Amino acid sequence: MTPLQKSEALIEALPWLARFQGAVVVIKYGGNAMTEEHLREKFADDVVFLRYAGLRPVIVHGGGPQINAALDLHGIASHFTAGLRVTTPEAMQVVRMVLVGQVNRDVVGLVNRHGPFAVGLSGEDAHLFTAARKHAIVDGVPVDIGQVGEIVEVNPGAVRALLADGRIPVVSSIARGHDGQIYNVNADTAAAALATALGAAKLVVLTDVEGLYADWPASDKVIRRISAGDLAAMLPTLSSGMVPKMEACLHAVQGGVPQAHVVDGRQPHVLLSEIFTDEGIGTMVLPDEGVTP
Ligand SMILES: Nc1ncnc2c1ncn2[C@@H]1O[C@H](COP(=O)(O)OP(=O)(O)O)[C@@H](O)[C@H]1O
Ligand SMILES: CC(=O)N[C@@H](CCC(=O)OP(=O)(O)O)C(=O)O
């Protein structure tokens, strides 16, 4: 690249830099998107770039595959119902240990190679997330899935204080209940709840597929834009991990977040491509009035 091309690439970002100056962007970093070392470093570079560019990034991380590995090691069987891990009390201890003690630390460490930015939080801290026991709905019938929580209250004060101090909050999706128990919350759900509570300008969900496939697994045609109404109609047809993910995007947009994106975390620098270009990366969910047919 010549110096002129470099300058042109930078200046192309000007409209987005102006638009998102000071904006809070909540980034859901999925466990499947963090399996390769070189991609993890690029992800952290992107987040720090956003911070220096004047945005206020907040990371909510997952860790599904990392939890699976630890449960296997402990000889604890685990399965998913409607995209949610059935969580026994003994599995809950492992989930918390892996998310808060391992994955959170790894993400904080990657970001902090660049300076004193990242501060890790569990959703339990300062009552960030309060949850109630959630039941999965299978064929219209509520099914008990153990210590899985749905978020009933978000108290984002601690996150706001960190943002005001120029930090990058890194949040694990564990919540406390009014009943004193701890709950395992799907990380997409947690990210959407936090994006809504913070009045974020965007929710960006990094996963291991290109976006929402129109007719998965029969075809890999990616839906580029979808309205909240059309997504609500499509939800009952979705399977596995896409159920909580798309439900989360829908709730964020219905809760006032102007746009939610599902993007491919296996693509290097996908976060910068999404925020600073008009290339149509992944799937964008918009409020009903925001989608032109
Ligand atoms: N319609 C769909 N479009 C894309 N992926 C789908 C769809 N339905 C199910 N999936 C599956 O959902 C997975 C993503 O969910 P999940 O594994 O929970 O990701 P993450 O760990 O990033 O949260 C994809 O890898 C894919 O196998
Ligand atoms: C209730 C529930 O399913 N919790 C998830 C929490 C982690 C998560 O969501 O991780 P990913 O984003 O990598 O899928 C779990 O136990 O796997």
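Note that the structure is predicted; figures quoted are calculated from it, not measured. Start at 1 and go down the list; that is how both ligands and their atoms are numbered. What's counted below: heavy atoms across the whole structure, side chains too, no hydrogens, waters or symmetry copies.
Here the OG1 atom belonging to Thr81 is positioned 4.0 Å from the NE2 atom belonging to His79, to the nearest 0.5 angstrom. For the atom pair Lys245 NZ and Lys28 NZ, the distance stands at 4.0 Å (nearest 0.5 Å).
Closest to atom 13 (O) of ligand 2, if we only count protein heavy atoms, is Gly31 N, 2.8 Å. Ranking protein heavy atoms by distance to atom 4 (N) of ligand 2, first place goes to Asn184 OD1, 2.9 Å. Protein heavy atom closest to atom 10 (O) of ligand 2, with residue, atom name and distance, is Gly63 N, 3.0 Å.
For Glu210, the side chain to side chain contact (heavy atoms under 4.5 Å, CB included) partners two or more places apart in sequence, or in a different chain, are Tyr213, Val222, Asp264.
No side-chain heavy atom of Val119 sits under 4.5 Å from any side-chain heavy atom of Ile168.
Between Phe117 and Tyr52, the ring planes lie perpendicular to each other; the angle is over 60°, past the 30° to 60° tilted range.
Not a single heavy atom of Thr189 lies less than 4.0 angstrom from ligand 2.
Of all the heavy atoms of His61, none lies under 4.0 Å from any atom of ligand 2, so neither backbone nor side chain is involved. The backbone of Val185, and not its side chain, has at least one atom closer than 4.0 Å to an atom of ligand 2 (non-hydrogen atoms only; backbone = N, CA, C, O).
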Are there any protein N or O atoms under 3.5 Å from the N or O atoms of ligand 1? List them with distances, or say none.
from     : atom 1 : to     : atom 2 : distance (Å)
ligand 1 : 1 (N)  : Tyr213 : O      : 3.2
ligand 1 : 3 (N)  : Tyr213 : N      : 2.9
ligand 1 : 17 (O) : Asn32  : ND2    : 3.1
ligand 1 : 19 (O) : Thr207 : OG1    : 3.3
ligand 1 : 21 (O) : Asn32  : ND2    : 3.0
ligand 1 : 22 (O) : Thr207 : OG1    : 2.7
ligand 1 : 23 (O) : Lys28  : NZ     : 3.3
ligand 1 : 23 (O) : Lys245 : NZ     : 2.7
ligand 1 : 25 (O) : Asp208 : OD1    : 2.9

